[in-house]
Structure formats: structure tokens, C-alpha cells
Amino acid sequence: MAVASPSTVMNNVEAVRHTLYEALKNDERTLVLGEDVGARGNVFLITKGFIEEFGAERVIDTPLAEASIVGVAIGMAMEGLRPIAEIQFADFIYPAFNQIVGEAAKTRYRSNGDYTCPLVIRTPYGGGVRGALSHSVSIEALFYHVPGLKIVAPSFPADIKGLLNAAIDDPDPVLFLEHKKTYRLVKGEVPSEHYTIPIGLADVKHPGDALTVVSYGLYVHQAIEAAQRLAGEGLSVEVIDLRSIRPMDRTTILASVRKTHKLLIVHEDNKFGGIGAEIAAMVAEEAFFELDAPIRRLCGPDVPAMGYALPLEEEFMVSTDEMADAMRELVRY
Amino acid sequence: MAVASPSTVMNNVEAVRHTLYEALKNDERTLVLGEDVGARGNVFLITKGFIEEFGAERVIDTPLAEASIVGVAIGMAMEGLRPIAEIQFADFIYPAFNQIVGEAAKTRYRSNGDYTCPLVIRTPYGGGVRGALSHSVSIEALFYHVPGLKIVAPSFPADIKGLLNAAIDDPDPVLFLEHKKTYRLVKGEVPSEHYTIPIGLADVKHPGDALTVVSYGLYVHQAIEAAQRLAGEGLSVEVIDLRSIRPMDRTTILASVRKTHKLLIVHEDNKFGGIGAEIAAMVAEEAFFELDAPIRRLCGPDVPAMGYALPLEEEFMVSTDEMADAMRELVRY
Amino acid sequence: MAEAITKPALERHGLDEEQLRWMLRNMLLQRTLDNRGFQLNRQGKIPFATGSEGHEGIHAGSALAFARGRDVLVPYYRDIGLCIGIGMEPLQVLLAMFARAADISGGRQFPNHFTGRAIGLMSISSIIAAHLPHAVGAAYAMKLRGESGRAVLASFGDGATSEGEWHESMNFAAVHALPIVFLCENNEWAISTPRDRQMKVRDVVEKADGYGMRGEIVDGSDPIAVYGVMNGALERARSGGGPTLVEAKCYRFLSHTTDDDDRTYRTREEIERHRHLDPVPRFERVLVEAGVITSDDVSAMKREILAHVNDVTDRAEALPYPLASDLYTNVYEGTHEPWL
Amino acid sequence: MAEAITKPALERHGLDEEQLRWMLRNMLLQRTLDNRGFQLNRQGKIPFATGSEGHEGIHAGSALAFARGRDVLVPYYRDIGLCIGIGMEPLQVLLAMFARAADISGGRQFPNHFTGRAIGLMSISSIIAAHLPHAVGAAYAMKLRGESGRAVLASFGDGATSEGEWHESMNFAAVHALPIVFLCENNEWAISTPRDRQMKVRDVVEKADGYGMRGEIVDGSDPIAVYGVMNGALERARSGGGPTLVEAKCYRFLSHTTDDDDRTYRTREEIERHRHLDPVPRFERVLVEAGVITSDDVSAMKREILAHVNDVTDRAEALPYPLASDLYTNVYEGTHEPWL
Ligand SMILES: Cc1ncc(C[n+]2csc(CCOP(=O)(O)OP(=O)(O)O)c2C)c(N)n1
Ligand SMILES: Cc1ncc(C[n+]2csc(CCOP(=O)(O)OP(=O)(O)O)c2C)c(N)n1
Ligand SMILES: [Mg+2]
Ligand SMILES: [Mg+2]
């Protein structure tokens with residue numbers, strides 16, 4: 001199969017697939033479980049062929065029940081396995097909320113370290129794919145407040161491999177978010193050997209000195225494109241790809257803000273109470289006198305979700321043009 | 001029964017009880033449902049005697065299943081009733097997350113107004129009562145990001161009555177949070193006639209001009225006490241009681257910050273991604289040049305919960321002394 | 001089907017010829033709408049479609065048992081025929097496919113997530129089983145208000161029975177003896193997951209006893225049998241007899257949706273083995289053989305349906321999308337800013 | 001209990017006299033610990049206690065069937081006797097009551113939320129039924145690794161059966177034929193909610209069939225019968241025979257916890273009507289009448305237990321609380337700042 005001889009250039013689906021495949025091959029404690037991950041090979045074909053190679057006991061087509069997908073995985077993790085659970089679409093993670101927030105995140109704490117919960121929960125999230133109300137939500141802000149959880153949301157193939165490896169190795173529960181629009185859209189070089197990227201480190205994807213832009217997921221790609229446009233106009237913008245949402249990389253953000261003195265946060269998720277709120281609050285607390293302009297957030301509008309109709313989806317999503325405009329405005333502030 | 005001839009001075013339990021009683025008496029579409037709300041009269045005796053007066057069909061002892069408590073209430077609301085659902089302790093709301101976030105909050109939106117969901121979900125939250133890991137959490141930050149929901153957290157008896165009445169009248173779902181430590185601790189005058197307080201309005205509970213303190217729940221009471229102490233030292237602090245968490249009152253906060261030029265946010269819930277993040281971000285966006293000092297947040301530490309042992313609980317909670325210290329420091333900044 | 005088909009046998013549940021023809025028409029209409037959805041998707045005109053192929057008998061029989069103006073339907077996303085059968089206009093199916101402003105959800109929902117308060121059609125999300133507690137709550141409201149003569153019909157797939165919310169709904173309805181019928185359309189698959197990976201029992205109906213609920217099983221490819229069971233269950237619910245779990249057996253002939261390719265998980269042979277269960281040709285043949293309708297009339301019916309579906313397709317396609325500004329309405333009553 | 005009690009009858013499940021006395025001791029120890037908890041609460045020394053009074057027979061019989069060093073217990077918060085019975089020190093019960101640093105959870109958890117990886121005792125939260133998927137996952141791990149001879153024992157109350165997660169756990173375990181025994185301690189109440197407001201069926205065991213799972217019912221006030229059923233179910237699980245739902249009938253004689261006052265919802269007469277089910281005096285009488293133990297030896301045993309409980313009470317009370325700084329450990333492995 002393709003993943004047996006990995007090519008250097010992959011899209012995001014292939015990066016997830018390649019990393020999962022290696023994990024299953026190299027560590028027999030690992031397994032994947034979720035809806036339609038077996039014969040169907042996951043709805044995006046991420047685990048296609050796995051069941052034939054690793055067997056139905058390690059590639060588990062679960063009943064349609066998210067609380068038990070996560071809850072059973074927790075029990076496996078407590079009993080020494082390294083489960084990688086899948087929620088078919090992030091929109092369907094709500095029934096598992098109790099198991100994630102009430103249980104996985106507190107296992108180590110409540111037992112004072114007697115039990116641990118080395119669990120990965122992967123799920124595709126995000127819009128721009130005509131997913132309508134229930135196949136396009138962002139969920140990170142519903143979880144990032146929760147001590148005991150880690151959350152990553154890489155969106156470059158090489159970051160996906162490094163962070164998914166780190167998540168699988170991690171002794172604590174990690175929510176691994178994959179922006180589904182980037183699945184086939186984004187391609188990049190992926191080193192063939194095994195490597196990890198530490199959870200919690202952001203990455204400057206486009207250096208600059210007149211404005212700091214912090215983003216993650218699909219929008220990082222658009223932000224980079226916008227920054228490149230502005231570079232053509234002689235405006236220098238630094239784009240930071242958060243990659244990890246909890247823990248989050250204060251050092252990289254503050255270093256950049258201390259250089260540029262301006263901050264724009266861009267995310268697809270609704271603005272009110274979103275990830276950007278904490279970033280803005282942290283910077284307003286720690287680097288207040290470094291700022292030459294108000295901190296601006298360019299985010300999803302505060303409505304429940306994008307609709308199915310194209311104009312509703314487009315209105316919800318922030319376009320690259322809008323990003324470029326906001327950047328220009330702030331640079332010139 | 002006591003509520004039939006309401007006294008003017010009540011504690012918070014009595015205020016909830018009195019308001020629920022009036023609602024059940026005056027509107028036959030209302031009903032209460034939850035675990036042990038019937039014969040037991042709720043674990044804090046809030047609905048004591050209701051089942052005898054209103055019958056087991058309107059005071060429903062449900063099976064032990066939170067998703068259905070909320071989910072059944074949603075169906076009742078869609079079908080024209082005015083259910084008031086109870087989650088016995090906020091810590092047990094997680095299994096109902098799907099129904100609250102995925103369903104109640106989106107009913108009006110997804111049907112484009114064809115169906116509405118006039119539902120109140122009441123639940124006691126908060127610590128300082130030796131509730132250990134699972135009877136003391138704060139949950140507001142897990143929900144305040146969700147468009148379609150409203151959240152209130154009043155902590156004075158008169159506010160409780162006015163806001164609970166508003167919540168019951170509201171045509172949309174409202175999460176009504178009651179800090180359990182204030183239940184018997186806090187007393188106050190409650191007007192006897194029916195009245196409502198609009199959801200979304202904060203209230204200046206202690207006026208001042210050298211520092212704005214925003215808080216809610218138990219900590220508002222401590223913040224007022226601290227502000228009174230500081231007044232004795234000649235330091236003038238304004239304490240705003242948010243009361244509503246979504247929607248939140250930008251006008252009152254900004255007006256205060258434009259007067260005091262300094263902002264301290266105090267809440268019991270964990271800091272990272274808490275309510276304070278959005279408040280700080282909003283002020284950093286809208287009143288940046290009004291600020292004379294970094295925005296400070298004094299919040300619960302980022303650990304899963306307070307422990308059962310007294311020192312763990314005390315360490316988690318912010319004391320009035322700590323609040324007073326933080327206020328002094330900021331006023332003098 | 002070996003015995004001779006006679007009108008009296010067909011009319012055993014009190015159905016008259018007109019009702020029998022009504023069911024056939026409903027089933028043919030479903031099939032035509034299904035085909036239209038997949039066709040429009042292949043043409044690149046709509047991003048997504050799904051169909052009820054194989055479920056038509058369940059929908060026709062259940063819809064006929066539904067009391068318009070009284071009962072409430074809390075449907076599944078596969079229930080095109082059921083929704084049309086209780087009074088929804090076929091135009092709505094196309095409006096939803098094209099995500100037009102005139103769609104009842106205003107182009108917000110995925111296709112097949114219908115709503116219609118006026119006809120007792122309750123709004124659902126895409127979250128499997130999450131609609132079932134709502135159905136129970138609606139039934140509770142009916143009972144509390146003493147509205148006998150009303151019942152709730154809640155439908156779902158075999159897959160949905162695995163969800164915790166399914167369990168809680170069944171239990172709540174049983175404890176309170178509510179006027180509700182739970183209709184499981186068991187098509188043997190939840191996307192690619194076959195029944196035996198979902199549950200250990202053979203029949204979903206085996207789950208009823210554990211709730212102290214009455215359970216009934218019916219051949220979903222026979223709309224008359226479905227009508228009989230559903231009518232009995234709904235009547236019982238309406239008259240204070242409490243809830244029933246009805247399992248209607250069927251088979252999903254199409255891929256799960258246009259996004260799915262069922263070749264990855266089931267053989268063509270398996271599908272062909274089930275072909276004899278296809279309710280549409282089967283019911284057509286039954287009615288013709290019994291003399292309820294002539295072949296010519298069936299052909300005329302099909303032409304009329306196709307013309308109608310063509311017409312609503314054209315009308316729906318010609319209508320506009322919602323406006324960008326429509327994104328912001330109906331979040332709450334009135335304004336919706338989180339910051340006041 | 002009308003027939004004469006003979007040793008052979010007592011030893012019908014292969015239990016020897018020592019094991020019978022072991023069960024009696026476990027039960028008397030539970031009762032003493034219960035009393036101690038309520039007593040300390042009344043004295044204002046601890047803020048909260050709850051007890052297993054009425055459940056002792058279930059705990060003793062189940063604990064004896066548990067294979068130490070192999071099986072895993074995922075307990076309920078009422079399972080003091082079960083936890084002690086599989087090897088937890090009684091001191092731990094007192095350390096938890098006093099919330100001392102030496103408590104295994106470090107004074108974090110509510111009393112009765114024990115953990116002990118070394119003895120196969122899995123950590124639980126207070127969220128009803130949330131522990132059951134974990135039990136299923138642990139059983140899956142055993143099966144996947146081919147560890148025959150091991151099983152999981154998961155316990156819960158009648159109230160827990162209403163939760164969605166209970167359903168999902170039962171179903172998952174059945175589909176995968178996992179080595180697990182689900183033990184329902186049905187004491188007729190979930191706080192103030194009587195069985196008939198929780199479920200329509202009389203016996204929880206009626207729910208097993210719907211999962212395709214074996215079900216067994218046993219008189220929980222008879223530890224020997226409990227042992228017999230639990231031993232059989234665990235042995236079956238350990239040897240590839242799949243899961244069992246065991247319902248052990250009992251009665252909760254105390255208020256739910258020290259925070260509860262059961263006078264608000266049940267009569268003293270109801271409690272007295274159940275008094276004959278109290279497993280502790282009953283089993284004591286049985287063993288004495290059969291000559292397994294003398295009355296004097298029982299008295300000695302009680303004295304020894306009381307002395308032991310007094311001793312561990314004093315030792316626990318004398319130990320320190322955790323430090324304030326302990327709040328910050330074990331959030332994650334290593335450091336726990338959300339901002340790096
Ligand atoms: C909570 C939730 N999980 C997963 C999905 C994705 N999903 C949509 S349909 C489906 C299968 C449903 O199977 P079944 O209930 O048997 O209905 P059928 O499609 O066969 O009619 C799945 C897994 C979802 N919509 N909601
Ligand atoms: C999810 C959840 N909801 C509610 C509670 C509060 N609560 C604690 S124990 C209990 C009753 C449990 O009854 P049962 O399962 O029969 O066990 P018993 O106490 O009778 O042994 C309730 C409602 C909880 N701990 N968790
Ligand atoms: Mg199906
Ligand atoms: Mg009980």
C-alpha cells in the first residue's frame with residue numbers, strides 16, 4: 001500500500017494516514033477505534049486498508065455511540081493500551097463531552113497519578129466544505145478551558161506527522177484536530193523518518209516585523225497568502241501558526257509582539273469566548289506597554305454555524321481578502 | 001407554606017424557591033424536572049412541597065439521566081410548554097452537553113425560526129463547600145462561547161428573582177447558574193411583586209473611580225467586601241456584578257473602564273479560557289487607549305478542580321485578602 | 001407472496017383502494033425524488049444527496065397511519081417519504097437540495113433535515129439520536145395537557161439504537177407511559193457498519209422488553225403490514241396505551257449518501273440478494289395483480305410524478321439562494337450580539 | 001430460612017469454612033466502617049460520609065469471587081466492602097474520610113472514591129455511569145492481549161442504569177463478547193427516586209436480553225448466593241464466555257449520604273419492612289447455626305474489628321492534610337502551565 005513507501009510530498013490526509021500506519025506497525029499497544037474506520041477505512045479514507053493489515057481487533061468499527069468510543073478508549077488507556085479514538089466529525093463530539101472533560105482530563109488528577117490516560121482523540125473539524133450546520137463546526141473553544149487536556153490543531157503535513165507522533169507518545173489525553181478543508185488542499189514535504197514536534201510550540205510560518213498575526217488551521221494558509229501579498233506591497237507581516245492550542249506558546253507570541261508591537265488574531269471559530277480571547281487577554285496582561293494599537297480579532301461571526309447555502313458559508317468564513325485588508329489596516333495604524 | 005406569604009428578606013435558596021413557586025402557580029405551561037426534585041424537594045430543598053401542590057406531572061422526578069432531562073425539556077419547549085430543568089450539580093451537566101450545545105442552542109437557528117426552545121436549565125455550581133472534585137466546578141466557560149444560548153449567574157436574592165423570571169419568560173434557552181455557597185450565606189431584600197431584570201445587564205454593586213473590578217457569583221460578595229475595606233483606606237474601587245454572562249454588558253464595563261482606566265477581573269473558574277479572557281480581549285480591543293495599566297485577571301488556578309482536603313480547597317479559592325491586595329496594587333499602579 | 005393476492009387481503013387493515021393507491025404514489029414519488037437527488041449531484045448541481053431507496057414501504061405505511069393535524073412527527077434524515085406523506089410539499093425536498101432561501105430552514109440545513117411546525121413536523125439536527133428526547137418531551141406535553149387523540153411518531157435507524165440518548169428516551173417514555181411510537185427503520189447498516197458490529201441481538205425489537213415497552217416487528221417492504229402495525233401502535237398511544245417500539249425491517253439499496261461508496265464495504269451480490277425486498281416494484285405488482293390499479297394507471301401515475309418532480313426541480317433551481325445577511329437572523333428572538 | 005442450615009448447604013459453591021468466616025468478617029468490618037463514618041460526621045470531624053449498609057452481602061460475595069492479582073475492579077462509590085475485600089487497607093477508608101495527604105488520591109477525591117492500581121482497583125469519578133465505558137475498555141485490553149484468566153468486575157446502582165453511558169457500555173461489551181461482569185446493586189432507590197420512577201421493569205436483569213447478554217439475578221443479602229453467581233459469571237468471562245449482567249437485590253438502610261435525610265421521601269415503616277433483608281445479622285446467624293463459627297468467636301471478631309477501626313481512625317486522624325502546593329501536581333505528567 002502507498003503508506004508502506006511514503007513519498008516526501010503528502011497532503012494532510014496522507015500525513016495523518018502515514019503517521020497512524022507507522023504507529024500501528026511499530027507499537028502493538030496502539031489501536032484505532034471509531035465509526036466506519038474499518039472496512040470503510042474512515043469517511044475520508046484515512047484508515048483505508050488498515051483493517052486488512054492490522055485486524056478488526058486493532059481497527060475497531062464501533063457502534064454508533066461517541067460517549068463509549070471515548071469512554072472505552074479511556075479504559076483501554078488506563079489498562080495500558082495506546083488507543084487512538086476517532087470522532088467521525090467534530091460536530092458529533094458533544095455526546096462524548098462527559099468522557100473527555102469529566103473523565104479523561106481528570107483521570108491523572110483525581111487518582112493523584114495512580115492512573116494515567118494516554119489517549120488520542122482525532123477528529124475533522126471546520127468549514128468551507130459545504131458541510132452545513134452539522135458538518136463544519138469548530139470545537140476547540142469548548143475544550144481549551146479544560147485543565148488536564150491537551151489540544152493540537154496542526155495544518156501542514158509535516159506538523160501533522162510530528163504532532164500526531166507526539167500526541168500518541170504523550171502520557172496524557174490529547175485532542176487532535178484536523179481541518180477537513182485542508183485534507184486534500186494542503187500538500188507539503190514530510191520527512192520519512194520518525195520524529196515528534198513538542199506539543200505546545202507555535203511556529204513562525206512567515207517572518208515579518210510590522211504586525212504579528214496569530215492563527216491556526218485553514219486560516220494559517222490564508223494568512224500566509226495574505227502576508228505574501230502584503231510583502232509585495234512592502235508591508236512586513238509575521239504569521240504565527242499556533243499548532244498547539246493547549247498548552248499554548250506564550251514565548252513565541254510575546255517575542256513577536258515585542259518586535260512588531262501590533263497583534264491580529266484570526267480564527268474560523270466564533271469570536272466571543274474563542275481562542276483569540278485568551279491570546280488577547282494574555283498579551284494585554286503581559287505585554288501591554290509594547291502595543292502600539294488595539295489588539296484586533298478577526299473571527300467567525302457569533303452565530304451557531306455556517307449554513308448549507310453557499311452565501312451563508314461564504315459569509316461565515318473569513319476570506320483572504322478580508323485578512324489582507326485587516327492586516328493593511330493594522331500595519332498602517 | 002412559607003413561599004405563599006413571601007417575606008422581604010430572603011436568602012438565595014429562598015429566592016430561587018419563591019420565584020419557581022410563583023412561576024408554577026401563575027403559568028400552567030411551566031413545570032420542573034430533574035433528579036430528586038419531587039418528594040425530596042431537590043437536594044437543597046428548593047422545590048420542597050412543590051410535588052404536593054402541583055402534582056407529580058409538573059414536578060417530575062426523572063430517571064438519573066441528564067441528557068434526557070435536558071433533551072426531554074427541549075421537546076416540551078418545542079411543543080409549547082415552559083420547562084425548567086434542573087441538573088442536580090453543575091458537575092453533572094456534561095452528559096447533557098450535546099442536548100444543550102448541539103440541540104437547544106441551535107433549535108431556532110436550524111429551523112430558521114420555525115421552532116423555538118424556551119427552556120431554563122438551572123444548576124448549582126461553584127466551590128468553597130467541601131464539594132471535592134465533582135461537586136464544586138464552575139462550568140460557565142464551557143458554554144459561554146455558544147451562540148444560541150444565554151447564561152446568567154446572579155448572586156443576590158433580588159437579582160435571582162428578576163433574572164429567573166426573565167429566564168422563564170425568555171423565548172430562548174437560558175442556563176441559570178446558582179453559586180451553591182451563596183445559597184444560605186447571602187441574604188437580601190426581595191420585592192414581593194412580579195418583576196424581571198433584563199438578561200444581559202450588569203450592575204454596579206459598589207461605585208468607585210480608581211479601579212474597575214468585574215466579577216460574578218460568590219466572588220462579587222468578596223469583591224464588594226474588599227472594596228469596602230479599600231474605601232476605608234481611601235481607595236475608590238468600582239465593583240461590577242456581571243449577572244449575565246451571555247449576552248454580556250459591554251456598555252457598563254466600558255463606561256466604568258473609561259472612568260477608572262484600570263481593570264481587574266475576578267472569577268472562581270480557571271483562568272485560561274475563562275470568562276475573564278473575553279472581557280480582557282474586548283476591553284483591549286475597544287478601550288485600549290483608556291487603560292493606564294495592564295488588565296489583570298485574578299482567577300482559579302489552571303488545575304482540574306479543588307480537592308476535598310481543606311488546604312486544597314482554600315488554595316483554589318481566591319480569598320478576600322487576595323482580592324484586596326490585587327486591588328491595592330492596581331489602584332496604586 | 002406465493003398465495004394469490006386478493007383485495008380483501010390487501011384491505012385487511014381497513015384500507016380502501018384509494019389509500020392503497022395513495023401509498024403506491026407516495027412510494028413512487030420517493031423513488032423519483034431519490035433518483036433526482038443523485039442525478040443532480042452527478043450533474044454537479046448540488047453537493048450532496050441521500051435517498052430512502054428500500055425504505056419506501058415503511059414511509060408510506062407510517063405516513064398513512066399518521067393523524068394529520070394531531071400527531072407530531074420527529075423524523076430521521078432518511079425520511080423523505082414520511083415527511084411528504086404527512087403533508088410536506090415535494091418542492092421542499094428540492095429547495096433543501098438546492099439550499100434555496102425558500103427552503104423552510106432558509107438554506108441552512110443539510111438536505112432531508114425538514115421542519116414544518118404547521119404540519120407537525122419537528123426540526124431535527126444531524127446528530128444521531130439527539131432528536132429522540134425531543135420526541136419524548138413532545139409526547140409528555142400531550143399527556144400533561146390531557147390531549148388524548150394525539151401521539152408522537154419518532155423514527156431512527158438501527159445505528160441510532162447504539163446511542164445513549166436513544167436509551168434514555170426509550171426509558172423515559174416507558175416510565176411515563178407516554179403517547180409515542182418509536183419507529184426503527186432497520187436497514188442492516190449504519191454507513192459501513194453491519195448490524196452485528198452494532199448490536200449482539202438479531203432484532204432491534206428485542207430491546208423493547210428491557211424497557212417494559214411493547215415491541216412489534218414488521219416487514220418494512222410491505223406498506224400494508226407497516227400501516228397495520230403503525231396504526232395499531234399510534235392508536236394505542238393516542239388512547240393512553242403507552243409507547244411501542246416498532247422495528248421495520250428493510251434494506252438500504254443505495255450508498256449511505258452521495259459522499260459514500262458502498263463498494264468499499266459490501267458486495268454487489270449482497271445487494272442483489274436483497275433485491276426482492278425492494279418495496280416499490282413489489283407493491284406495484286401486488287396492487288396490479290389484485291386489481292387495485294391497472295398497469296396503465298401505474299404508468300400514468302409515474303408520468304404524472306415525473307412531471308411534477310421535473311416541475312419542482314425547475315422551480316426550486318430558479319429560486320435564489322439566501323442572502324449573506326441571512327446568516328445573522330434567528331440566532332435568538334430579536335438581536336443576537338453576545339456583547340450588549 | 002425455614003429449613004435447617006447445614007454446612008453442606010453453605011459450602012455448595014465450594015466455599016470452605018475459612019472463606020465463609022472471611023465473608024462474615026468483611027461484612028462486619030463494613031458495618032463498623034459505616035458506623036464510624038456517620039459517627040465522625042455527627043461529631044463534626046468529617047464533612048461527609050456514606051455507607052454500604054444493606055449492601056454488605058453483595059460486597060463480601062463479589063470480593064471473594066474476585067481473582068486478586070488478575071481481575072480488575074471498577075467500583076461504585078458505595079463499594080467500601082468490595083474494595084476492602086479485594087485487598088485495600090481499611091486505613092484507606094479513614095484516610096479518605098479525613099482527606100489526608102496519605103489518602104491514595106492525596107485528599108482530592110470525595111470519600112469512597114478509591115483507587116489502587118497495584119491491587120487492580122480502577123479510579124472513578126463521581127459522575128454516575130461514567131466509569132462503565134472504562135471498565136469495558138479495560139476488558140477489551142485483556143481480550144486483545146489474549147490474557148485469558150482475567151476479567152473486569154464493574155459495579156453500579158439501579159440509578160446508573162438510566163444513564164446513556166450505561167447503555168453504551170452494555171452494548172459495546174456484548175458486541176465484542178468481552179470478559180466483564182456488570183454488577184448492579186439494586187437497592188430500590190436512587191437517592192429519593194424509587195425504582196418505579198427510574199424504570200418500568202421490575203428487575204434490572206430484564207435489560208440483559210436486549211443486549212444479547214446473559215443475565216442473572218441474585219439475593220444480595222445472601223453472600224454465598226452472590227459468590228456463586230459472581231464466581232460463575234467471572235469464571236465465564238475469564239474463559240472467553242463473554243459478559244454477564246448480574247442483578248443483586250438489596251436495600252439501602254441508611255440515608256443516601258450524611259447530606260441526605262430520607263425521612264423526606266420514605267417511611268420508617270418501609271425501612272422496617274425490609275429489615276429482615278439486612279445481610280449482616282442474617283449471615284452471622286446462619287454461620288452460627290450451621291456451626292461454622294461460635295457466638296463467642298463472632299464477638300471476638302467484632303471486638304477485633306472495632307479495635308482495628310479505632311486504630312486506623314486514630315492513625316488517619318493524626319496524619320496531616322495535603323499541602324496547599326499539592327493542588328498543582330499531577331495535572332499532567334510534569335509541568336502543567338497552559339501557557340508555555
Ligand atoms: C452523533 C452522530 N454520530 C455520527 C454521525 C455520522 N453518521 C451519519 S448517519 C450515520 C449512520 C446512521 O445509521 P442508521 O441509524 O442505521 O441510519 P441509516 O443511515 O442506515 O438509515 C452516521 C454514523 C452523526 N450524524 N451523528
Ligand atoms: C451524572 C450524575 N448525576 C447525578 C449525580 C448525583 N447522584 C449521586 S448518587 C445518585 C443516585 C445513585 O443511585 P444508584 O445508582 O441507585 O446508587 P445508590 O446510591 O442507590 O447505591 C445521584 C443522583 C451524580 N453523582 N452523577
Ligand atoms: Mg441503518
Ligand atoms: Mg440505588
Side-chain angles (χ1 to χ4, degrees), chain A residues 28-29 31 33 57-58 60 62-63 65-81 83 95 98-99 102-103 105-116 144-145 147-150 170-172 198-202 244 246-253 278 282 286, chain D residues 72 74 101 103-110 113-118 121-127 129-145 152 154 163-165 167-173 175-176 178 322 326 329-340:
Chain A
E28 59 175 29
R29 296 172 308 165
L31 55 80
L33 73 164
E57 292 214 315
R58 287 181 67 208
I60 312 171
T62 63
E66 288 74 12
S68 59
I69 291 173
V70 174
V72 167
I74 291 172
M76 292 167 167
M78 290 173 83
E79 194 38 47
L81 298 179
N98 183 42
Q99 286 295 329
E103 300 295 322
K106 297 186 176 71
T107 303
R108 180 191 289 274
Y109 195 74
R110 71 167 184 248
S111 70
N112 209 13
D114 192 38
Y115 275 94
T116 60
Y144 89 122
H145 177 64
L149 271 188
K150 297 183 181 181
D170 202 281
D172 290 300
I199 295 175
L201 296 193
S244 288
R246 184 183 184 114
M248 217 185 275
D249 185 348
R250 173 158 50 186
T251 316
T252 300
I253 296 172
E278 180 59 39
M282 183 276 289
E286 312 253 323
Chain D
V72 164
V74 189
D103 163 51
I104 318 188
S105 89
R108 290 176 175 186
Q109 287 264 44
F110 245 14
H113 291 63
F114 306 114
T115 179
R117 195 179 179 80
L121 176 56
M122 215 145 145
S123 163
I124 58 158
S125 76
S126 297
I127 303 173
H131 61 311
L132 298 175
H134 312 168
V136 173
Y140 195 97
M142 290 175 182
K143 186 175 183 198
L144 177 69
R145 293 186 298 230
V152 173
E163 287 281 5
E165 295 186 2
H167 168 71
E168 297 188 14
S169 302
M170 292 284 290
N171 191 46
F172 198 109
V175 168
H176 291 276
L178 298 181
D326 291 334
T329 61
N330 279 314
V331 179
Y332 302 94
E333 185 181 74
T335 163
H336 76 275
E337 277 294 304
W339 279 109
L340 286 192

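Below, read A as the first sequence line, B as the second, and so on, with proteins coming before strands; counting in each chain starts at 1.
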Drop me the distance from [X]'s [atom1] to [Y]'s [atom2], to the nearest 0.5 angstrom.
{"X": "D:L121", "Y": "A:Y115", "atom1": "CG", "atom2": "OH", "result": "6.5 Å"}
{"X": "A:D172", "Y": "D:H336", "atom1": "CG", "atom2": "NE2", "result": "12.0 Å"}
{"X": "D:Y332", "Y": "A:I199", "atom1": "OH", "atom2": "CD1", "result": "10.0 Å"}
{"X": "A:E103", "Y": "D:H131", "atom1": "CD", "atom2": "NE2", "result": "9.5 Å"}
{"X": "D:S125", "Y": "A:R110", "atom1": "OG", "atom2": "CZ", "result": "5.0 Å"}

Proximal component of A:A67, with respect to chain D [non-hydrogen, under 4.5 Å]: both

Which atoms of A:N112 approach chain D - backbone, side chain, both or neither, heavy atom under 4.5 Å: both

Which atoms of [X] come close to chain A, meaning under 4.5 Å heavy atom to heavy atom: side chain ones, backbone ones, both, or neither?
{"X": "D:V152", "result": "neither"}
{"X": "D:L178", "result": "neither"}
{"X": "D:L132", "result": "neither"}

Between A:E57 and D:H176: side-chain donor-acceptor atoms closer than 3.5 Å: no

Winner by heavy-atom pair count (cut-off under 4.5 Å) against chain D, out of [options]:
{"options": "A:D170, A:T251, A:L149", "result": "A:L149"}
{"options": "A:L201, A:T116, A:I60", "result": "A:I60"}
{"options": "A:A65, A:A105, A:G148, A:S244", "result": "A:G148"}

Pairwise side-chain contact, D:E168 with A:P63, heavy-atom cut-off 4.5 Å (strictly under): no

Quick one: does [X]'s side chain have a donor or acceptor within less than 3.5 Å of a partner on [Y]'s backbone?
{"X": "D:N330", "Y": "A:R108", "result": "no"}
{"X": "D:E165", "Y": "A:S68", "result": "no"}
{"X": "A:D114", "Y": "D:S105", "result": "no"}
{"X": "D:R108", "Y": "A:Y109", "result": "yes"}
{"X": "D:R145", "Y": "A:R29", "result": "no"}

Provide the closest heavy-atom pair for [X] versus [Y] in the form atom of the first, atom of the second, distance.
{"X": "D:E333", "Y": "A:P171", "answer": "OE1-CG, 3.3 Å"}
{"X": "A:G102", "Y": "D:I127", "answer": "CA-CD1, 4.0 Å"}
{"X": "D:Y140", "Y": "A:L31", "answer": "CE2-CD2, 4.3 Å"}

Greatest number of heavy atom pairs closer than 4.5 Å to chain A - which of D:A130, D:A173, D:S126, D:G107: D:A130

Member of A:E286, A:R250, A:R246 meeting the side-chain contact (heavy atoms from CB on, under 4.5 Å) criterion with D:W339: A:R250

Option passing side-chain contact (heavy atoms from CB on, under 4.5 Å) with D:H134 (candidates A:E79, A:M76, A:Q99): A:Q99

